[in-house]
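Notes follow once the structure below has been shown.
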Amino acid sequence: MRRTVIEVVGLHKSFGPNHVLRGLDLTVEKGAIQVIIGASGSGKSVLLKHIIGLLSPDAGRIYVDGEEITRMSPREIMRVRKKFGMVFQTSALFDSLTVAENVAFPLRVGDRQYGEEEIRRIVREKLALVHLEGVEHLMPAELSGGMKKRVALARAVAHDPEIVLYDEPTTGLDPITVESVNDLILETRDRLQVTSVVISHDMASALYIADDIAVLKEGRIIFRGTPEEIQRADHPYVRRFLHPRAARP
């Protein structure tokens, strides 16, 4: 039986009059791919920032491996944050650094001291993991959108995290590249045995990669289940995600 590695209990967050999270509850099991689906403005990115400790809630609790991070000092949160890798929606590569330097970045800024040869070895290994070889010298401007996503994932797992967070990983990509990114998320989970949390508004991708899907609306989880259970759901909001209205000709 899988154990819970992330637990969110009664999470509330407001920005001025905008009440974004409204008593949200969520558990994520070790080794699972947990997808959180929701429309723009539903609170997905705000939730992700709370899980990694970048935001503090107005009310509620968050546990990572049984530790309540909502009560931690900044120093303690930094320790827990090392368990995470993050793949940003825009990839967020450093434009002035080469591919190799981007992937090596978390190794150079962490507490552990790596030798240069070890850094080069890790960079090669992580780029091979995402099926990119011989691109170490390239600059981000020379990469396609799909290649940038792969480099971003290589950087996210360079320090061997236990949990990888994906912020809208398929947004803005063509259908073929979307398929390759989805396959890469699955392969990364299987090869590195990481827990994955993916926020998205792409239900097709969610059905393909997820072990569990949580549907977020107006700051709350309104439905969750396996891909099979989601497809059988009668909830009208879930049905709209599954069967969006066709565009007019």
Side-chain angles (χ1 to χ4, degrees), residues 33 35-36 40-41 44-46 48-49 51-55 78 81-161 163-192 194 196-202 204-206 208-209:
I33 297 180
V35 177
I36 303 166
S40 298
K44 303 188 302 297
S45 293
V46 173
L48 211 63
K49 290 175 181 176
I51 289 173
I52 203 171
L54 293 175
L55 288 175
M78 285 298 295
R81 201 174 287 159
K82 294 172 186 175
K83 298 182 179 186
F84 291 89
M86 179 82 182
V87 180
F88 297 92
Q89 179 176 341
T90 59
S91 299
L93 301 180
F94 297 108
D95 293 337
S96 60
L97 301 182
T98 66
V99 167
E101 290 167 336
N102 267 281
V103 177
F105 184 81
L107 306 176
R108 298 188 186 280
V109 300
D111 294 336
R112 178 181 167 184
Q113 297 297 311
Y114 293 86
E116 288 304 311
E117 183 54 41
E118 186 177 12
I119 288 176
R120 286 192 290 270
R121 175 185 60 78
I122 292 172
V123 168
R124 289 193 300 268
E125 287 179 355
K126 300 310 181 185
L127 287 173
L129 175 71
V130 299
H131 308 295
L132 286 177
E133 290 89 9
V135 301
E136 289 88 341
H137 64 288
L138 296 180
M139 303 299 291
E142 300 176 271
L143 305 176
S144 68
M147 291 174 72
K148 288 178 181 179
K149 291 286 187 182
R150 290 173 181 270
V151 174
L153 178 53
R155 182 179 63 184
V157 300
H159 63 295
D160 294 325
I163 305 164
V164 180
L165 307 179
Y166 298 86
D167 184 0
E168 300 280 6
T170 59
T171 294
L173 301 177
D174 64 85
I176 293 175
T177 305
V178 168
E179 287 185 6
S180 68
V181 170
N182 288 336
D183 287 337
L184 195 59
I185 292 171
L186 290 167
E187 186 176 350
T188 301
R189 186 273 308 271
D190 294 340
R191 292 181 63 177
L192 300 183
V194 295
S196 307
V197 179
V198 183
I199 65 169
S200 180
H201 60 265
D202 180 355
S205 291
Y208 183 70
I209 66 173

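Computed from a predicted structure; not experimentally measured. In what follows, residues are counted from 1 in the order of the sequence shown.
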Side-chain touch D167/V87, heavy atoms, less than 4.5 angstrom
no
Determine whether I199 and S45 satisfy the following criterion, side-chain contact (heavy atoms from CB on, under 4.5 Å), listing intermediate values before the conclusion.
CA-CA 7 Å; I199 65 169; S45 293; 3.7 Å; yes
I36 side chain reached by V198 side chain, heavy atoms, under 4.5 Å:
no
Minimum heavy-atom separation for A206 to V35, with atom names?
CB-CG1, 3.6 Å
Hey, what do you get for CD1 (I163) to CE (M86), rounding to the nearest 0.5 Å?
12.5 Å
If only atom types and distance count, is the side chain of N102 paired as donor or acceptor with the main-chain N or O of F94 below 3.5 Å?
yes
Taking every heavy atom of A104 against every heavy atom of I119, the minimum-distance pair comes out as CB-CG2, 3.6 Å
Neighbour count >12 (heavy atoms, 6.0 Å) for atom CD, Q113
no
Between the side chains of R121 and E117, is the shortest nitrogen-to-carboxylate-oxygen separation below 4.0 Å, so that they form an ion pair?
no
To check you understand the geometry: which heavy-atom pair defines the closest contact between L93 and P140, and what is its length?
CB-CG, 4.1 Å
So do the side chains of Y166 and I185 get within less than 4.5 Å of each other, counting heavy atoms only?
yes
Could you go through V194 and V157, starting from their C-alpha distance and side-chain angles, then the distance that decides it, and tell me whether this counts as side-chain contact (heavy atoms from CB on, under 4.5 Å)?
CA-CA 9 Å; V194 295; V157 300; 5.6 Å; no
Using modelled atom types and a 3.5 Å cut-off, is there a donor and acceptor pairing between side-chain atoms of K149 and backbone atoms of P169?
yes
Could you check whether any side-chain N or O of R155 sits under 3.5 Å from a backbone N or O of P106, counting only pairs where one atom can act as donor and the other as acceptor?
no
Are any non-hydrogen side-chain atoms of V130 and V151 less than 4.5 angstrom apart?
no
Find out whether P161 and K83 are in side-chain contact, i.e. whether some heavy atom of one side chain is under 4.5 Å from a heavy atom of the other.
no
Residue K49 excluded, over 12 heavy atoms near NZ under 6.0 Å
no
Side-chain heavy atoms of M139 within contact of D95, under 4.5 Å
no
Apply the test side-chain contact (heavy atoms from CB on, under 4.5 Å) to residues Y208 and L186: give CA-CA distance (whole Å), side-chain angles for both, the deciding distance (0.1 Å), then the verdict.
CA-CA 9 Å; Y208 183 70; L186 290 167; 3.7 Å; yes
Please determine which of L153, I122, V99 meets the side chain to side chain contact (heavy atoms under 4.5 Å, CB included) test together with L127.
V99
Counting only N and O atoms by type, is there a donor-acceptor contact under 3.5 Å from the side chain of S200 to the main-chain atoms of D202?
yes
Under a 4.0 Å threshold between the charged nitrogen and the carboxylate oxygen, would K126 count as salt-bridged to D160?
yes
How long is the straight-line distance from CG of L143 back to OG of S91, given to the nearest 0.5 Å?
9.0 Å
Assess, by modelled atom type and distance only, whether the side chains of S180 and D183 contain a donor and an acceptor separated by less than 3.5 Å.
no
Between the CG atom in D174 and the CD atom in E179, the distance rounded to the nearest 0.5 Å is 9.5 Å
Has N182 got a side-chain atom pairing as donor or acceptor with S205's backbone, closer than 3.5 angstrom?
no
Look at the side chain of H131 and the backbone N and O of R150, then say whether any donor-acceptor pair between them is shorter than 3.5 Å.
no
Between T188 and L184, is there a donor-acceptor pair closer than 3.5 Å when you use the side chain of the first and the backbone of the second?
yes
Give the C-alpha distance, both sets of side-chain angles, the deciding distance and a yes or no for side-chain contact (heavy atoms from CB on, under 4.5 Å) between R81 and I52.
CA-CA 6 Å; R81 201 174 287 159; I52 203 171; 3.8 Å; yes
Got a second to check how far H159's NE2 is from K82's NZ, nearest 0.5 Å?
9.5 Å
If you measure from the Lys or Arg side-chain nitrogens to the Asp or Glu carboxylate oxygens, is any gap between R120 and E136 under 4.0 Å?
no
Using a strict cut-off of less than 4.0 Å between a Lys/Arg side-chain nitrogen and an Asp/Glu carboxylate oxygen, indicate whether K148 and E142 qualify as a salt bridge.
no
Do side-chain atoms of E101 reach the backbone of T98 as a donor and acceptor pair under 3.5 angstrom?
yes
